[in-house]
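Let me begin by presenting the structure, written as structure tokens, before commenting on it.
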Amino acid sequence: MDDDCDRGEGHHPIVLVVDDNPAIRDMVAWALELDGYEPAEAAEGQEALAWVDNAVREGRYPSVILLDLAMPGMDGETFLQRLRSQWESTYPFPRIVVITAGTGLTTAAALDVQQVIVKPFHVRDLLDIIRRLTV
């Protein structure tokens with residue numbers, strides 16, 4: 001299936017922002033909306049899994065997931081493991097961009113994700129990455 005399936009006429013690519021910091025979620029969601037994306041937000045992994053389950057039932061799939069690793073409740077790595085184990089293979093797995101404080105040497109290859117961004121980051125750099133991943 002083509003990655004553009006969620007982008008029918010009048011639809012914008014969905015980007016799920018999973019971060020426990022409401023200021024980061026708000027800032028990123030605002031920038032995404034201004035750049036033509038449909039932002040969705042979750043404060044931790046369990047909430048994000050529930051959002052994904054609901055979206056899939058509606059036939060909507062995120063193109064990109066921005067994922068903080070260090071969150072209370074279900075952290076980013078656990079969310080990613082659960083998402084991979086329950087994802088339906090009939091639709092391409094979303095691109096994953098990890099957002100981290102950079103305290104460890106976390107690499108995209110080690111996490112099997114498309115990109116790792118270290119906080120603090122510039123929103124324009126994040127948008128550039130998302131644009132490349134949703135082309």
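Atom set for the values below is all heavy atoms of this structure, side chains included, hydrogens, waters and symmetry mates excluded. This one's a predicted model, so the numbers in the text were calculated from it and none came from an experiment.
Under the side-chain hydrogen bond (donor to acceptor under 3.5 Å, both in side chains) criterion, Asp35 pairs with Arg131, sequence neighbours left out. Arg124 is linked by a side chain to side chain contact (heavy atoms under 4.5 Å, CB included) to His122, counting only residues two or more places apart in sequence or in another chain. Considering only residues two or more places apart in sequence or on other chains, Glu38 meets the side-chain hydrogen bond (donor to acceptor under 3.5 Å, both in side chains) condition with Arg60.
Here the side chains of Ile117 and Val97 are in contact, with some heavy-atom distance below 4.5 Å. Side chains of Pro39 and Val28 form no contact here, defined as non-hydrogen atoms less than 4.5 Å apart. Counting heavy atoms from C-beta outward, Pro62 and Trp51 have side chains that approach closer than 4.5 Å. Between Val17 and Asp68 the shortest side-chain heavy-atom distance does not fall below 4.5 Å. Looking at Ile24 and Lys119, their side chains come closer than 4.5 Å, going by heavy atoms from C-beta outward. At a threshold of 4.5 Å between non-hydrogen side-chain atoms, the residues Leu66 and Asp19 do not count as touching. Annotation: side chain of Leu32 is not in contact with side chain of Leu126 (no heavy-atom distance under 4.5 Å).
Rounding to the nearest 0.5 Å places CG of Leu67 at 13.5 Å from CD of Gln115. Between Phe121 atom CZ and Ile129 atom CD1 the span is 9.5 Å, to the nearest 0.5 Å.
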Query raised in the report: What do the steps show when you test Val18 against Glu44 for side chain to side chain contact (heavy atoms under 4.5 Å, CB included), and what is the final call?
Result: CA-CA 6 Å; Val18 186; Glu44 52 85 33; 5.8 Å; no
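The aromatic rings of Trp87 and Tyr61 sit perpendicular to each other, their planes meeting at more than 60°, with 30° as the lower class boundary.
A side-chain donor from one of Thr134 and Tyr37 sits under 3.5 Å from a side-chain acceptor of the other.
Within a 6.0 Å sphere centred on CD of Glu33, heavy atoms belonging to other residues, nucleotides or ligands number 12 at most.
Between the side chain of Gln46 and the backbone N or O of Leu49 there is no donor-acceptor pair closer than 3.5 Å. With hydrogens and angles disregarded, no donor-acceptor distance shorter than 3.5 Å links the side chain of Glu88 to the backbone of Thr90.
Residues Ile65 and Pro94 share a closest heavy-atom pair of CD1-CG, 3.8 Å.
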